[in-house]
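A quick write-up on the structure given underneath.
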Amino acid sequence: MAILCTPTCVIFSSLQSSSSSSSFKTLNTGTTISSSTTRFFGFSVASAKSTSPLNTKRSFKVRCCQNLSLVPDNQRWMFEQSEVNGPDIWNNTWYPKAADHRHSDKTWYVVDATDKILGRLASTIAIHIRGKNLVTYTPSVDMGAYVIVVNAEKVAVSGKKRTQKIYRRHSGRPGGMKEETFDQLQHRIPERIIEHAVRGMLPKGRLGRELFTHLKVYKGPNHPHEAQQPIELPIRDKRIQKQR
């Protein structure tokens, strides 16, 4: 048996049976090595047949050979010292690199909020900002797109939420709590309604704050992002549009 472990290889030879391979390579040391390799605990081993007089007994010899390499090329990493401090090649889990989520390569979407249900619209926007619609979705990485919302003042709600839904804010001082209904906030700052709904569907923390900057909400049909060439936001929920 011969095991090649280093470029300056050490051969451990032992007696082989007569059924070994017939193709051999003769070394200067008097030992013939079979060119056919076998598997042994993940190593490539070569058959060896000793020509010494001790063929009838089990022998053990250590010999060094120069420029002898029977290890397949696809397994050289197991024996080279340069691979010891390299990456974890056993771990095949894919993780996005910096080039996989550059802001300049992200997709821009635009959606018209006219007569669309607030909650269903916000969930669709959050999915695309988060990147959950992509096969490369990674929870800890910003893989999503930018979303532009126009006509924010025309978003709709179901039931009696227009008068019963309450938005609260606090100035930070004692007694600084202020409340207003959905209808009042829609007349005052309509963009804040959609921003508040989408922010609640994003992660809480540093990643969520970064993702929230991907949302652009505007009152009216115009927006200043024509240079990004936004495309229509794909909406699969058929119940998102309010029926008149």
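Positions are given from 1, in the same order as the sequence printed here.
Within a 6.0 Å sphere centred on CZ of R173, other residues, nucleotides and ligands contribute 12 heavy atoms or fewer. The number of heavy-atom neighbours closer than 6.0 Å to NZ of K238, taken from other residues, nucleotides and ligands shown, is 12 or below.
Between the OH atom of Y146 and the CD1 atom of I129 there is a distance of 10.0 Å, given to the nearest 0.5 Å. Interatomic distance, R199 CZ to F212 CZ, rounded to the nearest 0.5 Å: 3.5 Å. Rounding to the nearest 0.5 angstrom, the gap separating the CD1 atom in I235 from the CD1 atom in I240 is 4.0 Å. Atoms CD1 and CD1, from I125 and I148 in turn, are 11.0 Å apart once rounded to the nearest 0.5 Å. Distance check: M143 CE to L211 CG gives 11.5 Å after rounding to the nearest 0.5 Å. Rounded to the nearest 0.5 angstrom, T107 OG1 and L134 CG are separated by 7.5 Å.
With 3.5 Å as the limit, one finds no donor-acceptor pair spanning the side chains of T136 and Y95. In the model, T114 has a side-chain atom that pairs as donor or acceptor with a side-chain atom of D112 under 3.5 Å.
A donor-acceptor pair under 3.5 Å is absent between the side-chain atoms of Q164 and the main chain of K161, judged by distance alone. Side chain of K216 to backbone of T213: a donor-acceptor contact under 3.5 angstrom is found. The backbone N or O of V150 sits nowhere less than 3.5 Å from a side-chain atom of K154 that would complete a donor-acceptor pair.
Summarising the geometry of F182 relative to L118, their closest heavy-atom pair is CE1-CD2, 4.1 Å, with the distance given to 0.1 Å. Residues Q186 and A152 come closest through the heavy atom pair NE2-O, 4.4 Å. Smallest separation of non-hydrogen atoms from G208 and L202: O-CD1, 4.3 Å. When all heavy atoms of I194 and L215 are compared, the closest pair comes out as O-CD2, 4.4 Å. Heavy atoms only, all atoms of each residue included: V149 and A113 are closest at CG1-CB, 3.9 Å. Taking all atoms of both residues into account, the shortest heavy-atom contact from H223 to P230 is CE1-CG, 3.9 Å.
Salt bridge status for D100 with K97: absent, with no side-chain N to carboxylate O gap under 4.0 Å. Using a 4.0 Å cut-off between charged nitrogen and carboxylate oxygen, D142 and K106 count as a salt-bridge pair. With respect to the salt-bridge test (charged N to carboxylate O, under 4.0 angstrom), the residues E191 and K219 do not qualify. Between R162 and D183 there is a salt bridge, with a side-chain nitrogen of the basic residue lying less than 4.0 Å from a carboxylate oxygen of the acidic one.
A side-chain contact (heavy atoms from CB on, under 4.5 Å) with R169 holds for exactly one of M177, E179, E180; it is E180.
Grouping the Ile, Leu, Val, Met, Phe, Trp and Tyr side chains by contacts below 4.5 angstrom, directly or via other members, places V155 with V157. Hydrophobic clustering keeps W108 apart from I231 (ILVMFWY residues linked when any side-chain heavy atoms are closer than 4.5 Å, directly or through intermediates). I117 and Y167 are assigned to two separate hydrophobic clusters, defined by single-linkage of ILVMFWY side chains at heavy-atom distances under 4.5 Å.
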Problem set entry | Intermediate values then yes/no, side chain to side chain contact (heavy atoms under 4.5 Å, CB included), M201 and S123 | CA-CA 7 Å; M201 300 180 184; S123 62; 3.9 Å; yes
For this session: Could you please spell out the steps behind the side chain to side chain contact (heavy atoms under 4.5 Å, CB included) verdict for K116 and Q241?
Result: CA-CA 5 Å; K116 287 186 172 57; Q241 194 73 26; 3.4 Å; yes
Problem set entry | Candidate pair E232 and V110, rule side chain to side chain contact (heavy atoms under 4.5 Å, CB included), full reasoning | CA-CA 5 Å; E232 192 70 22; V110 60; 4.2 Å; yes
Problem set entry | From CA spacing to verdict: side chain to side chain contact (heavy atoms under 4.5 Å, CB included), H214, V147 | CA-CA 6 Å; H214 294 187; V147 178; over 6 Å; no
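Between H225 and Y109, the distance from one ring center to the other does not fall under 6.0 angstrom.
Using a 4.5 Å heavy-atom cutoff, the side chains of P203 and R130 are in contact. The shortest side-chain heavy-atom distance between V111 and L121 falls under the 4.5 Å cut-off.
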